[in-house]
Amino acid sequence: MEQKAQMILVDSNVLPIVFLKVLKAKKMLSKGLAKNSSDACKMVDISRSAFYKYKDKIFLYEDKEAQKTIALYFRLSDEPGVLSAILSELYKHSANILTVNQNIPIDGVADVTITIRIDKQYTDMKNLKLDFAKINGVVEFKRI
């Protein structure tokens, strides 16, 4: 009888080094720093058999308490540079932009929805709202 998989959270300092190397190889593959798993294994100095043994069993934990995903709604004037200014402002506030959806402008105004991931420690939503209000061409802004 097969046992159901059980997830546990473990401090990486107590794990065998092979687990950390598998995580590093997976990251290299996903970012395109290695052409294939064989290259990634050579770069982190593990065997391919070890990589394949653990690659579908080991995942990096993302602290959901430290990060927050937020959806923002804008009505923007159909003018060059308005959306670019908003994206620049998000960059200044260290937001990771996940999605940008823009509708075709109607009557000179376009609806835009942007989904971002922010670090709760470093992003102040009040200041972000104030900075959006300063951008020429922002007709409306709200968090959804």
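- A continuous path of ILVMFWY side-chain contacts below 4.5 Å connects I8 to I58, so both sit in one hydrophobic cluster.
- The shortest heavy-atom contact between S47 and C41 is O-SG, 4.0 Å.
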Going by atom type alone, with no hydrogens or angles, which donor-acceptor pairs under 3.5 Å involve a side-chain atom of residues 105-116 and a protein atom two or more places apart or on another chain?
unit_1 : atom_1 : unit_2 : atom_2 : d
D111   : OD1    : Y73    : OH     : 2.9
D111   : OD1    : R75    : NE     : 3.3
T115   : OG1    : T99    : OG1    : 2.8

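- Note on I70 and L98: separate hydrophobic clusters, where clusters join Ile, Leu, Val, Met, Phe, Trp and Tyr whose side-chain heavy atoms are under 4.5 Å apart, directly or indirectly.
- Counting only residues at least two apart or in different chains, ring pair (Phe, Tyr, Trp, His ring centres under 6.0 Å) contacts with residues 8-56 comprise F19-Y54.
- In terms of hydrophobic clustering, with Ile, Leu, Val, Met, Phe, Trp and Tyr side chains grouped at heavy-atom distances under 4.5 Å, Y91 and L72 are assigned to different clusters.
- Here the straight-line distance linking atom NZ of K55 with atom CZ of R48 works out to 12.0 Å at 0.5 Å rounding.
- V14 is linked by a side-chain contact (heavy atoms from CB on, under 4.5 Å) to V10, counting only residues two or more places apart in sequence or in another chain.
- With rounding to the nearest 0.5 Å, the separation of NZ in K57 from CE in M7 is 8.5 Å.
- Considering all non-hydrogen atoms of both residues, A34 and L29 come closest at O-CD2, 3.9 Å.
- In this structure, Q6 has no side-chain contact (heavy atoms from CB on, under 4.5 Å) partners at least two apart in sequence or on a different chain.
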Donor-acceptor contacts under 3.5 Å from residues 78-89 side chains, at least two apart:
unit_1 : atom_1 : unit_2 : atom_2 : d
S88    : OG     : S84    : O      : 3.0

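- To the nearest 0.5 angstrom, K42 atom NZ is 4.5 Å from S38 atom OG.
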Donor-acceptor contacts under 3.5 Å from residues 126-144 side chains, at least two apart:
unit_1 : atom_1 : unit_2 : atom_2 : d
N127   : ND2    : D124   : OD2    : 3.0
D131   : OD2    : H93    : NE2    : 2.7

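- The nearest pair of heavy atoms linking A50 to V22 is O-CG2, 4.2 Å.
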